[in-house]
Amino acid sequence: MPPSLVTSNFSLLFIAAVILTLAARLWLTSRHIRHVIAHRDRVPADFAERISLAAHQKAANYTVDRSKFGILGSLADSALLLALTLGGGIAALHAFWSPRLDGLGYGLAMIFSVMLISALVDLPFSLYRQFVIEARHGFNRMSLGLFFADLFKHALIGVLIGAPVILAVLWLMGAMGNYWWLYVWLFWSAFNLLIMFVYPTWIAPLFNKFAPLEEGEMKTRIEALLARCGFRSSGLFVMDGSKRSSHGNAYFTGFGNNKRIVFFDTLLSRLAPSEIEAVLAHELGHFRRHHIVQRIVLMFAASLAFLWLLGQLIDAPWFYNGLGVPAENTALALILFFLVIPVFTFPLNPLSSYLSRRNEFEADAYAAEHAAAGDLVRALVKLYEDNASTLTPDPLHSLFYDSHPPAAQRIARLQTVAR
Ligand SMILES: [Zn+2]
């Protein structure tokens, strides 16, 4: 095939992928909205005794609001992607920066420009989500001041950490010959491990306060559970999640000897000690069943595959020209690749959601062994109610997007072993 034909074929393939992905996302979302509305007037039989009709309808309204707004977000994402690529956005940035800077400076300016544009496009969406949708349903606890303080801190950390990392990657790409992708992968993997290690102690405290869990029944129960499960951590902490939102959660951060268990204050205030113990047993299940390590290995394998693929594309003129960019260099290759790859990997969503849901069932089974399954069921029902999560998701939408199994399935499995 003559080069120009390869280029235009790739452009067509890209446009087709953008349109198909967008159409699939819109179709799944509209199915989800219809399904939730169709089941709005009756609490599913399994939950009839635990959840009121009012709470069920609140969850439906919240889900529908968020999903409708999500449609606008999908449209904006696709429009921005097309504007940056075939619409000439990246070509214009290149025309602006290339006479002014060269080498690593040019690369850094290009990458930060694209990130800045994406952030600016996203800003009104984040504002609307937080201060209109979350506020309307009673979840927002943030002031505008805190929102912009967070934004500023994220941007500052992004620049302080991001700039040296981008410079190192660009340098490796230019200096390491044909196997640059292998060196970039080693660097990237090491960097990620380092961030996971320092995040709980250095980065998270910039945004929230972490207080040690107070002595009392809760702490005694939790320490007994940790001992039962043979788990060592470097501390139990309570985070002031209520500063931003009334959604509750519990999580682990760090790894090795730097593991911390973090409870949102919003979770502690809503669940009984035995229920918190069951939630924590579920989280411990993720560790004990090696889900965390599996996820890290999978992530590293995927980034190796993507970097190898980029290594194959980086010298192909059709890759740049087919995406509307009339020049070739390492920074442009990186930008185009990471902008475009999600439209080609969208069909893999059900696979990653499936793996995640399988892990959730395993963690639930672990929790049922080491704590009371009935407590986990009660905790889940409270969390569903408090977070206004829908109990009646569209099954196909769920297959694509849900990292957790539908409530009814999870609870049905737990009830077979519940005391
Ligand atoms: Zn889980």
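Position 1 is the first residue of the sequence; numbering continues from there.
For the pair K58 and F139, the cation-pi criterion (under 6.0 Å, within 45° of the ring axis) is fulfilled.
Around the NZ atom of K219, the shell of radius 6.0 Å holds more than 12 heavy atoms that belong to other residues, nucleotides or ligands. Applying the 6.0 Å contact sphere to CE of M142 captures more than 12 heavy atoms from other residues, nucleotides or ligands. Other residues, nucleotides and ligands place no more than 12 heavy atoms under 6.0 Å from the OH atom of Y354. Heavy-atom neighbours of Q312 CD from other residues, nucleotides or ligands within 6.0 Å: above the threshold of 12. Counting heavy-atom neighbours within 6.0 Å of F131 CZ, excluding the residue itself, gives a total above 12. In the displayed structure, K209 atom NZ is contacted under 6.0 Å by at most 12 heavy atoms of other residues, nucleotides or ligands.
Between the side chain of R31 and the backbone N or O of D394, no donor-acceptor pair lies under 3.5 Å. With hydrogens and angles ignored, the 3.5 Å screen pairs a side-chain donor or acceptor of T21 with a backbone N or O of V343. Without hydrogens or angle criteria, N329 side chain to A331 main chain gives a donor-acceptor distance under 3.5 Å. Without hydrogens or angle criteria, H282 side chain to A278 main chain gives no donor-acceptor distance under 3.5 Å. In terms of modelled atom types and a separation under 3.5 Å, the side chain of D240 and the main chain of K243 share no donor-acceptor contact. Looking at R357, its side chain does come within 3.5 Å of a backbone N or O of D402 through a donor-acceptor pair.
Below 30°, between 30° and 60°, or above 60°: for F125 and F69 the angle between ring planes is between 30° and 60°, a tilted geometry. Between Y62 and H247, the ring planes are tilted. Angles from 30° to 60° get that label.
Using a 4.5 Å heavy-atom threshold, the side chains of R410 and E360 count as touching. Between R260 and Y199, every side-chain heavy-atom pair lies at or beyond the 4.5 Å cut-off. You'll find the side chain of R378 stays beyond 4.5 Å of the side chain of S274, heavy atoms only. Looking at heavy atoms from C-beta onward, L72 lies out of side-chain contact with Y128 at the 4.5 angstrom threshold. Side-chain contact between R66 and E134 is present, with at least one heavy-atom pair separated by less than 4.5 Å. Counting heavy atoms from C-beta outward, S189 and W185 have side chains that approach closer than 4.5 Å. W181 has its side chain within reach of Y179: a pair of non-hydrogen atoms, C-beta onward, lies under 4.5 Å apart. Counting heavy atoms from C-beta on, the side chains of D77 and L22 never come closer than 4.5 Å.
Partners of F231 according to the ring pair (Phe, Tyr, Trp, His ring centres under 6.0 Å) rule, which considers only residues two or more places apart in sequence or in another chain, are F252, F287. For the salt bridge (charged side-chain N to carboxylate O under 4.0 Å, His left out) test, residues two or more places apart in sequence or in another chain that qualify with R270 are D386. Here W188 pairs with F191 under the ring pair (Phe, Tyr, Trp, His ring centres under 6.0 Å) rule; sequence neighbours left out.
Rounding to the nearest 0.5 Å places CG of L225 at 12.5 Å from OG1 of T220. With values rounded to the nearest 0.5 angstrom, L399 atom CG is found 10.5 Å from L351 atom CG.
Between R413 and D364 there is no salt bridge, since no side-chain N of the basic residue sits under 4.0 Å from a carboxylate O of the acidic one. Between R221 and E277, at least one side-chain nitrogen of the basic residue sits less than 4.0 Å from a carboxylate oxygen of the acidic one, meeting the salt-bridge criterion.
In this model, no donor atom of one side chain and acceptor atom of the other lie less than 3.5 Å apart for R136 and N61.
Side-chain rings of Y366 and H286 stay apart, their centers remaining 6.0 Å or farther from each other. H154 and F207 have their aromatic ring centers within a separation under 6.0 angstrom.
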